[in-house]
Amino acid sequence: MKRYIPVLMLIIIAGLPACTQTSLTKEQSPKALPQGIAWVNSAAEYDALTLQTYQNATRHLDELIADKHSTALPGQKDAAGLPAAVILDVDETSLSNVDFQIHIEGKFSHEAFDYWQQNNPAGRIEGAPEFIQAARSKGVTVFFISNRPCHERDFAPGPCPQEEITLKNLAEAGIETDAGHLMLVGEKPGWNREKRLRQELVARDYRVIMLVGDDLGDFLPCVRAKPVAPCPAASADDRQAMTLQYSEYWGTRWYILPNPMHGSWSSFISNVGK
């Protein structure tokens with residue numbers, strides 16, 4: 001997998017809004033990168049794992065399509081007559097943001113992230129476009145549920161410029177979709193960082209046969225250290241118990257990609273960033 005740091009970066013750095021909490025460095029030695037970011041950026045093992053995940057998911061498509069009682073959403077009932085769908089996360093699942101992670105310095109800012117995504121091409125994740133193409137070729141509808149939040153921006157038009165930015169990023173990573181199959185935080189009332197509500201909306205009209213993500217919250221509700229309605233805060237023990245409770249889902253209906261750079265897990269690790 002080839003990832004390029006654009007020469008355009010110097011211009012973009014100078015143009016970042018002054019009010020943002022995040023700045024980008026001109027250069028950063030690979031030796032200075034946090035180990036997780038360096039691994040995603042450089043390790044062949046990372047590409048091997050994403051290929052392994054998506055190729056295994058592709059192999060299970062036929063059996064899950066054929067089993068009309070199979071669903072990736074615990075609790076989904078009376079779905080046998082519904083058409084099949086898969087739901088994927090966006091960031092670090094359908095496309096890679098490792099270039100942004102390499103150049104970020106200080107506290108993460110959604111504004112700086114949006115600016116970067118608007119002005120830089122998204123990276124490809126090996127295996128993702130091929131899996132999506134295979135699912136669609138078998139009549140499976142593909143949805144993308146992302147926790148990118150809608151916010152107005154001075155440098156982009158509309159109340160939710162993140163929608164167009166995300167569609168552009170997906171296309172740059174080799175994945176075409178439209179606004180009707182993309183669901184962002186805040187796009188509609190009640191769409192917060194807990195994904196289960198949006199997943200259940202898809203499940204009204206589709207039998208969800210697979211979930212694909214890089215974070216436990218892409219599969220299970222109520223896994224965050226801080227409460228997000230309607231969930232209370234979770235503990236590390238809660239997360240472990242839920243993961244094992246649904247052990248039969250992993251590798252059959254649920255497929256998780258490696259992401260040692262960021263995620264809900266980081267709130268439970270005391271030495272992150274040290």
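Of the charged side-chain nitrogens involved, none lies within less than 4.0 Å of a carboxylate oxygen, so that Glu164 and Arg148 do not count as a salt-bridged pair.
The backbone N or O of Gln117 sits less than 3.5 Å from a side-chain atom of Asn169, completing a donor-acceptor pair. Here the side chain of Asp218 pairs a donor or acceptor atom with the backbone of Asp215 at under 3.5 angstrom. Although no hydrogens or angles enter the test, the distance criterion places a donor-acceptor pair under 3.5 Å between the side chain of Asp178 and the main chain of His181. Checked by atom type and distance alone, the side chain of Gln76 pairs as donor or acceptor with a backbone atom of Tyr206 at under 3.5 Å. Distance alone, capped at 3.5 Å, places no donor-acceptor pair between the Ser266 side chain and the His262 backbone. Of the possible donor and acceptor atoms, none in the side chain of Asp214 sits under 3.5 Å from a partner among the backbone N and O of Leu257. For Arg224 (side chain) and Ser264 (main-chain N/O), no donor-acceptor pair under 3.5 Å exists by modelled atom type. Here the side chain of Trp250 pairs a donor or acceptor atom with the backbone of Thr243 at under 3.5 angstrom. At distances below 3.5 Å, at least one donor-acceptor pair connects side-chain atoms of Trp254 with backbone N or O atoms of Ala72. Panel note: side chain Lys138, backbone Leu61; no donor-acceptor pair is recorded below 3.5 Å.
Taking OG from Ser96 and CE from Met261, the interatomic distance works out to 5.5 Å, rounded to the nearest 0.5 Å. Rounding to the nearest 0.5 Å places CG of Asp205 at 10.0 Å from OG1 of Thr141. Separating the CH2 atom in Trp265 from the CG atom in Asn259 is a distance of 7.5 Å, to the nearest 0.5 Å. Between the CG atom in Asp78 and the OG1 atom in Thr71 there is a gap of 11.5 Å [rounded to 0.5 Å]. A distance of 3.5 Å separates CD1 in Ile132 from CD1 in Ile175, rounded to the nearest 0.5 Å. In this structure, the separation between CG on Asp114 and CG on Asn119 is 11.0 Å, given to the nearest 0.5 Å.
Residues forming a side chain to side chain contact (heavy atoms under 4.5 Å, CB included) with Ser235 (at least two apart in sequence, or on another chain): Asp237, Asp238. Residues satisfying the side chain to side chain contact (heavy atoms under 4.5 Å, CB included) test with Gln240, not counting sequence neighbours, are Leu244. Under the rule for a salt bridge (Lys or Arg N to Asp or Glu O under 4.0 Å), Arg239 has no partner lying at least two apart in sequence or in another chain.
Note: the hydrophobic cluster containing Leu216 also contains Leu73 (ILVMFWY, side chain heavy atoms under 4.5 Å, direct or indirect links). No path of Ile, Leu, Val, Met, Phe, Trp and Tyr side chains, each step under 4.5 Å between heavy atoms, connects Val90 with Leu211, placing them in separate hydrophobic clusters. Two different hydrophobic clusters hold Ile165 and Leu182 under the rule that ILVMFWY side chains link at heavy-atom gaps under 4.5 Å. Tracing side-chain contacts under 4.5 Å through hydrophobic residues (I, L, V, M, F, W, Y), one reaches Leu88 starting from Ile65; they form part of the same cluster. Both Trp39 and Leu33 belong to a single network of hydrophobic side chains, linked directly or stepwise wherever heavy atoms of I, L, V, M, F, W or Y lie under 4.5 Å apart.
The heavy-atom pair separating Leu197 from Gly190 by the smallest distance is CD2-O, 3.2 Å. When all heavy atoms of Ala85 and Val202 are compared, the closest pair comes out as CB-CG1, 4.5 Å. Taking every heavy atom of both residues into account, Pro74 and Tyr246 meet most closely at CG-CE2, 3.6 Å. Heavy atoms only, all atoms of each residue included: Phe100 and Ala112 are closest at CE1-O, 3.9 Å. Nearest approach of Ala128 to Ser94, heavy atoms of both residues: CB-O, 4.1 Å. Taking every heavy atom of both residues into account, Thr53 and Ile256 meet most closely at OG1-O, 3.7 Å.
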*Any chance you could lay out the side chain to side chain contact (heavy atoms under 4.5 Å, CB included) test for Val212 and Tyr54, step after step, and finish with the verdict?*
CA-CA 9 Å; Val212 186; Tyr54 277 116; 3.7 Å; yes

_Test log, rule side chain to side chain contact (heavy atoms under 4.5 Å, CB included), inputs Leu201 and Met183_ = CA-CA 10 Å; Leu201 287 174; Met183 307 167 84; 4.2 Å; yes

*Could you go through the ring-ring contact (aromatic ring centres under 6.0 Å, His included) check for Tyr255 and Phe131 one step at a time?*
CA-CA 12 Å; Tyr255 290 86; Phe131 166 74; 7.5 Å; no

_Chi angles and distances behind the salt bridge (charged side-chain N to carboxylate O under 4.0 Å, His left out) call for Arg124, Glu130_ = CA-CA 11 Å; Arg124 171 189 169 97; Glu130 293 80 5; 2.4 Å; yes

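Other residues, nucleotides and ligands place more than 12 heavy atoms under 6.0 Å from the NZ atom of Lys168. Residue-environment remark: CD (Gln133) stays at or below the threshold of 12 foreign heavy atoms within 6.0 Å. In Glu248, the CD atom is crowded: over 12 heavy atoms of neighbouring residues, nucleotides or ligands sit closer than 6.0 Å.
Counting heavy atoms from C-beta outward, Ser146 and Asp91 have side chains that approach closer than 4.5 Å. Put simply, the side chain of Arg204 does not reach to within 4.5 Å of the side chain of Leu82, judged on heavy atoms. The side-chain heavy atoms of Val208 and Gln199, taken from C-beta on, include no pair separated by under 4.5 Å. Lys195 places a side-chain heavy atom less than 4.5 Å from the side chain of Asp89. Counting only heavy atoms from C-beta outward, the side chains of Met242 and Pro221 never approach each other to under 4.5 Å. In this structure, the side chains of Phe144 and Thr93 stay at 4.5 Å or more apart for every pair of heavy atoms. Side-chain contact between Arg153 and Gln162: present, with at least one pair of heavy atoms (C-beta onward) separated by less than 4.5 Å. Here the side chains of Arg253 and Ile209 are not in contact, with every heavy-atom distance at 4.5 Å or above.
Sorted by first then second residue, the disulfide bond (SG atoms under 2.5 Å apart) pairs that include residues 115-150, not counting sequence neighbours, are Cys150-Cys160. Within the structure, no pair that satisfies the disulfide bond (SG atoms under 2.5 Å apart) test touches residues 56-105, not counting sequence neighbours. Annotation: disulfide bond (SG atoms under 2.5 Å apart) contacts involving residues 186-229, sequence neighbours excluded, comprise Cys222-Cys231.
Between Phe113 and Phe108, the ring planes lie tilted relative to each other; the angle falls in the 30° to 60° range.
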